[in-house]
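Shown next, in structure tokens, is the structure this report addresses.
A quick note: this is a predicted structure, and the numbers were derived from the prediction, not measured.
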Amino acid sequence: MGTHALAASRRPSGIARGIVRMLVLVAILGVVLYPLAWMVGTSLKSQPEIASNTGLLPEEFTPGNYTDGWNHFDVSFARFFLNSTMVALLTVVGNAASCLVAAYAFARLKFPLRGFWFTIMIGTLLLPQHVLTVPQYILFKQFGWVGGDWPYMPLLVPQFLATEAFFVFLMVQFMRGIPRELDEAAKIDGASPFGIFRYVILPLSRPALVTTAIFSFIWTWNEFFRQLVYLSDLKDYTLPVAMTLFIDSSGQSSIGPMFAMSVLSLLPVFLFFVAFQRMLVEGINTSGLKG
């Protein structure tokens with residue numbers, strides 16, 4: 001009886017702690033989601049109300065901001081969506097393929113100065129992107145890729161050459177966790193290094209590949225600086241660059257349409273993350289990010 005009474009006395013305190021924990025989580029969620037909710041509400045406000053009403057809900061709904069923003073330029077906003085989608089998807093393919101091959105070489109193959117080259121690759125993580133912008137621009141200019149018929153070449157070609165050291169490192173750490181006994185068993189069966197890569201490493205590297213794909217897509221979709229440097233024609237602009245056009249040189253701005261297009265530009269990233277959320281968590285838990 002004493003044990004049952006003690007358990008009964010503890011039950012209300014446990015419920016109270018659960019309620020407090022839930023309220024704290026709801027409060028944190030509200031703080032995190034408030035900017036997004038404010039942006040959605042602002043996209044439905046008129047231009048004068050945006051300056052006067054700082055609340056979440058508009059006093060007068062103005063859904064016309066979405067049509068105004070979509071047709072604000074000589075080029076339809078759909079073209080910017082298409083450009084961003086093309087750049088992001090090709091970047092995903094390039095990073096996943098090239099970084100996987102490079103990681104396999106560093107993690108599984110033996111070649112001269114492997115440790116030295118791996119150290120050099122890790123060292124590139126210490127270089128700020130802005131330091132590399134000028135020499136890269138000069139190099140791509142000499143190749144004829146800047147301002148030419150293929151304006152996306154400076155953005156896409158490096159992604160197919162394993163230039164993202166972070167993803168190479170992530171995959172190397174992941175592959176080091178794959179038992180080498182699998183490689184030895186494949187060698188006994190007559191598999192070449194390419195066969196080991198194709199039939200052993202590649203299927204087991206799916207979590208790391210998914211993690212690379214998700215981060216590559218999100219980072220490329222939101223990237224602004226490099227796209228601003230290399231894209232000069234309106235029809236070639238991606239979404240982050242096109243957003244700057246809502247504010248002209250005279251200081252006049254179309255804030256309502258800008259917020260409306262900002263909301264639409266977030267949807268692909270949100271849907272992409274939701275679709276692969278489980279795989280992303282699995283990839284982070286099983287990759288080198290865990291230490």
Side-chain angles (χ1 to χ4, degrees), residues 87-133 135-136 139 154-223 226 272-273 275-291:
V87 172
L89 292 182
L90 288 178
T91 298
V92 168
V93 174
N95 273 339
S98 63
C99 294
L100 182 65
V101 173
Y104 174 69
F106 282 123
R108 287 310 218 234
L109 303 181
K110 294 182 180 179
F111 54 90
L113 300 177
R114 182 181 65 171
F116 171 77
W117 292 118
F118 184 74
T119 302
I120 293 297
M121 183 208 67
I122 296 299
T124 61
L125 292 173
L126 304 177
L127 295 175
Q129 180 60 40
H130 298 78
V131 173
L132 303 176
T133 299
Q136 286 179 347
L139 180 64
L155 301 175
L156 296 177
V157 170
Q159 310 307 322
F160 286 85
L161 300 177
T163 57
E164 294 290 346
F166 171 78
F167 296 124
V168 176
F169 175 74
L170 184 148
M171 291 186 180
V172 166
Q173 294 299 99
F174 180 86
M175 291 180 187
R176 285 175 176 172
I178 299 176
R180 287 189 174 271
E181 288 77 7
L182 298 176
D183 298 22
E184 299 299 329
K187 288 181 181 178
I188 294 175
D189 291 338
S192 63
F194 177 78
I196 296 173
F197 171 77
R198 169 66 179 83
Y199 297 105
V200 177
I201 301 299
L202 181 58
L204 295 177
S205 300
R206 179 169 168 265
L209 280 173
V210 171
T211 304
T212 298
I214 293 176
F215 279 117
S216 295
F217 183 87
I218 294 176
W219 292 350
T220 305
W221 189 271
N222 294 326
E223 186 182 32
R226 291 178 65 243
F272 194 86
F273 179 80
F276 297 99
Q277 180 183 13
R278 181 182 61 83
M279 295 182 183
L280 174 63
V281 175
E282 177 185 357
I284 292 177
N285 287 337
T286 56
S287 68
L289 293 181
K290 66 182 179 181

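- Nearest heavy-atom pair, Val168 versus Ala103, reported as atom, atom and distance to 0.1 Å: O-CB, 3.8 Å.
- With a 4.5 Å cut-off on side-chain heavy atoms, Tyr104 and Val172 do not count as touching.
- Considering all non-hydrogen atoms of both residues, Thr163 and Pro158 come closest at OG1-O, 2.9 Å.
- Note that CG of Leu182 is 6.5 Å distant from CG of Leu204, once rounded to the nearest 0.5 Å.
- For CH2 of Trp117, the number of neighbouring non-hydrogen atoms (other residues, nucleotides, ligands) closer than 6.0 Å is 12 at most.
- The local environment of CZ in Phe111 is crowded, with over 12 non-hydrogen atoms from other residues, nucleotides or ligands closer than 6.0 Å.
- Residue Ala208 comes nearest to Phe174 through the heavy atom pair CB-CG, 3.9 Å, listed as atom of the first residue, atom of the second, then distance.
- In this structure, Val131 and Pro128 have side chains that are in contact, with non-hydrogen atoms separated by less than 4.5 Å.
- If you take CD1 on Ile196 and CG on Asp183, they are separated by 5.0 Å, rounding to the nearest 0.5 Å.
- Side chains of Met121 and Phe106 form a contact here, defined as non-hydrogen atoms less than 4.5 Å apart.
- The cationic group of Arg176 lies under 6.0 Å from the six-membered ring centre of Phe118 and within 45° of the ring axis, placing it in a cation-pi geometry.
- Of all heavy-atom pairs spanning Cys99 and Phe167, the tightest one is SG-CB, 3.9 Å.
- Nearest heavy atom pair, residue Met175 against residue Arg108, reads O-NH1, 2.8 Å.
- Using the six-membered ring where Trp is involved, Trp221 and Phe217 have ring planes that are parallel, under 30° apart on the 30 and 60° scheme.
- Put simply, CH2 on Trp219 and OG1 on Thr91 are 12.5 Å apart, with the number rounded to the nearest 0.5 Å.
- Rounding to the nearest 0.5 Å places CD1 of Ile122 at 5.0 Å from CZ of Phe169.
- Residue Ala88 comes nearest to Thr220 through the heavy atom pair CA-CG2, 3.8 Å, listed as atom of the first residue, atom of the second, then distance.
- To the nearest 0.5 angstrom, Ser216 atom OG is 12.0 Å from Leu90 atom CG.
- The closest side-chain heavy-atom distance from Met171 to Leu209 is below 4.5 Å.
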